[in-house]
**Q** 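What follows is a single structure, and I will ask about it in a moment.
All figures in this text were calculated on a predicted structure; none of them were measured in a lab.
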Amino acid sequence: MWILYQIAIAALLLLTAPILWLRRRRHYFASLPKRLAYQLPPARGNHIWIHAVSVGEVGVARTLIEALPADVPLVLTTVTPTGQEQARRQLGKRAQIAFLPFDLSPAINRFLACFSPRTLILVEGDLWPLLMRTLKSMSVPIVVVNGRISDRSYRRMRRLRWVLGPLLDPVDLFCVQSTEDKDKLINLGVDSTRIVHTGNLKFDSGQPTLRPEVLDLVRSLADKRPILIAGSTMEGEDDPVLDAFIELGGGDRGLLVLAPRHLERCDDVTQLINSKSLRTIRRSRIEAQTKARIDVLLLDSLGELAPLYELARAVFIGGTLAPKGGHNPLEAARHGVPIAIGPSMENFREIATQFDRNLAWHRVSGSRELATVWDLWLRDPAEAERTGLKGAKVVSMNQGALEATLEALQPYLPSREDFNASEADRSSQADFVS
């Protein structure tokens, strides 16, 4: 069965290779040998392995990693190139950074021989059956932290419940965001003793920082105008956001910072902005001496959106007008910035429920409503502040997941003595070989 599974995985990789090449080109070719577990960084083994799929999960991993003892060896893997870049920039001095190997025995074995992981911690999920089977045969514990199951995934998993054993059974512990996630896992056949409700680590995430000169650069572009931010927009959302900005009064009312979720869309978004006769510049092309009056700053850089929320007078969170399930609003809410959001927040249901209950943001259904609420907040700063402070209060009320997660992880983290013993064993082996 496992041979057939790997043949299917290999065939799928071959079939999708032309599509990946056309869509991602340099990203695909750069990551391919690394996902086959070639070009691995030098490692001495016995690491805690933390896996985070992409940018959002890397942020959660950072919260966890910064709370672990500084002398515990770590390896952090990602799947996406953007996640890899963020991991290297934020955590490259603390952990070895690598790509998750494909679920093929040769790649898995090369990776495990390099890092000899003592525990695998999966941020929010991303379960691969052959990898987990291999780890369980080595008695390596597997823990999911900040786990959640979206409604869409849950419907699909219920239909396939009879084949979920290789995915769910090897996991020693699920630390989940909500009681609803716990109930979903129980309905999928996971014993309740292997599930603990720890809360959402995103509420405990630290505040990212940005170089002061970058903040000054954006302030200079704004030229004392209020700054509006549309963060993590998805395909189909840039058009209504730009229409809302134009209806608001365009560059005469403020500077719009538009941050597409996927940077490969930036060329298309630039063309869209130009078609609406708005003056724009990309973040990567700003120079200190840029003096031209700009209507839209296109944020085509990684890791700068969250700290830029500090400058915003009002925010729109993407992935919510398009039916994409939403994106994390907490990065903006921490700054007390008033948030506008569309109807689609299925992937953040518990967060959305709390924001709705506390009237801590404003729901909009399209460009006209977005323009109206942005106009309200620009005209009435006191009302904007009230809404923003409600969002900040929701964040502060829900903190504590980090402490609960660390407590749940304690039995699965090797003690310092274990690491010291492993170091001594390797030193003895090196002396013997010498």
Side-chain angles (χ1 to χ4, degrees), residues 207-233 238 240-260 266 269-270 272-318 329 331-341 361-362 364 367-392:
Q207 198 64 267
T209 58
L210 201 57
R211 299 193 313 277
E213 58 268 28
V214 177
L215 295 174
D216 290 342
L217 206 58
V218 177
R219 289 191 185 99
S220 176
L221 279 179
D223 192 23
K224 299 182 180 179
R225 292 172 295 167
I227 295 172
L228 308 170
I229 296 181
S232 299
T233 58
D238 307 290
V241 165
L242 292 169
D243 286 345
F245 180 62
I246 292 170
E247 186 172 341
L248 183 68
D252 292 334
R253 293 291 301 279
L255 171 71
L256 174 64
V257 178
L258 182 58
C266 283
V269 177
T270 299
L272 179 63
I273 298 170
N274 290 332
S275 73
K276 294 181 181 290
S277 300
L278 293 168
R279 294 159 294 189
T280 185
I281 190 170
R282 293 193 184 199
R283 161 67 183 93
S284 60
R285 297 174 186 172
I286 297 178
E287 298 178 357
Q289 65 269 25
T290 298
K291 298 297 182 183
R293 189 170 178 85
I294 300 301
D295 302 318
V296 181
L297 169 61
L298 183 61
L299 200 64
D300 61 350
S301 55
L302 282 173
E304 295 189 341
L305 173 60
L308 277 178
Y309 283 130
E310 173 190 341
L311 304 181
R313 287 276 295 275
V315 163
F316 166 75
I317 301 295
E331 293 169 335
R334 282 191 189 90
H335 290 290
V337 180
I339 297 169
I341 205 104
W361 57 17
H362 200 294
V364 298
S367 61
R368 178 160 295 179
E369 289 186 7
L370 178 58
T372 299
V373 72
W374 273 356
D375 178 63
L376 168 65
W377 288 335
L378 291 181
R379 286 187 296 102
D380 190 347
E383 174 60 26
E385 183 179 11
R386 282 192 291 270
T387 303
L389 288 177
K390 289 176 184 177

**Q** Within the side chain of Thr280, is there an N or O that forms a donor-acceptor pair under 3.5 Å with the backbone of Val296?
**A** yes
**Q** Indicate yes or no: at least one non-hydrogen side-chain atom of Ile339 is less than 4.5 angstrom from one of Phe316.
**A** no
**Q** Nearest 0.5 angstrom please: Glu331 CD to Tyr309 OH, how far?
**A** 6.5 Å
**Q** Kindly say whether Arg282 contributes a backbone atom to a donor-acceptor pair with the side chain of Arg285 at under 3.5 angstrom?
**A** no
**Q** Quick one: list whatever passes side chain to side chain contact (heavy atoms under 4.5 Å, CB included) with Pro260, sequence neighbours left out.
**A** Thr233, Arg265, Cys266, Val269, Leu298
**Q** Where do Ile294 and Arg225 come nearest, in terms of heavy atoms and distance?
**A** O-NH2, 2.8 Å
**Q** Would you indicate whether the side-chain heavy atoms of Thr372 and Val364 approach each other to under 4.5 Å?
**A** no
**Q** For residues Ile341 and His362, determine if any side-chain heavy atom of one lies less than 4.5 Å from a side-chain heavy atom of the other.
**A** no
**Q** Near Glu385 CD, under 6.0 Å, is it more than 12 heavy atoms from other residues, nucleotides or ligands?
**A** no
**Q** Tell me whether Arg368 is salt-bridged to Asp243, with the criterion being a basic N under 4.0 Å from an acidic carboxylate O.
**A** no
**Q** Quick one: does Asn274's side chain have a donor or acceptor within less than 3.5 Å of a partner on Thr270's backbone?
**A** yes
**Q** For Asp300 and Ser284, indicate whether the former's side chain and the latter's backbone hold a donor-acceptor pair under 3.5 Å.
**A** yes
**Q** Do Glu304 and Ser301 pair up side chain to side chain, a donor and an acceptor below 3.5 Å, judged on atom types alone?
**A** yes
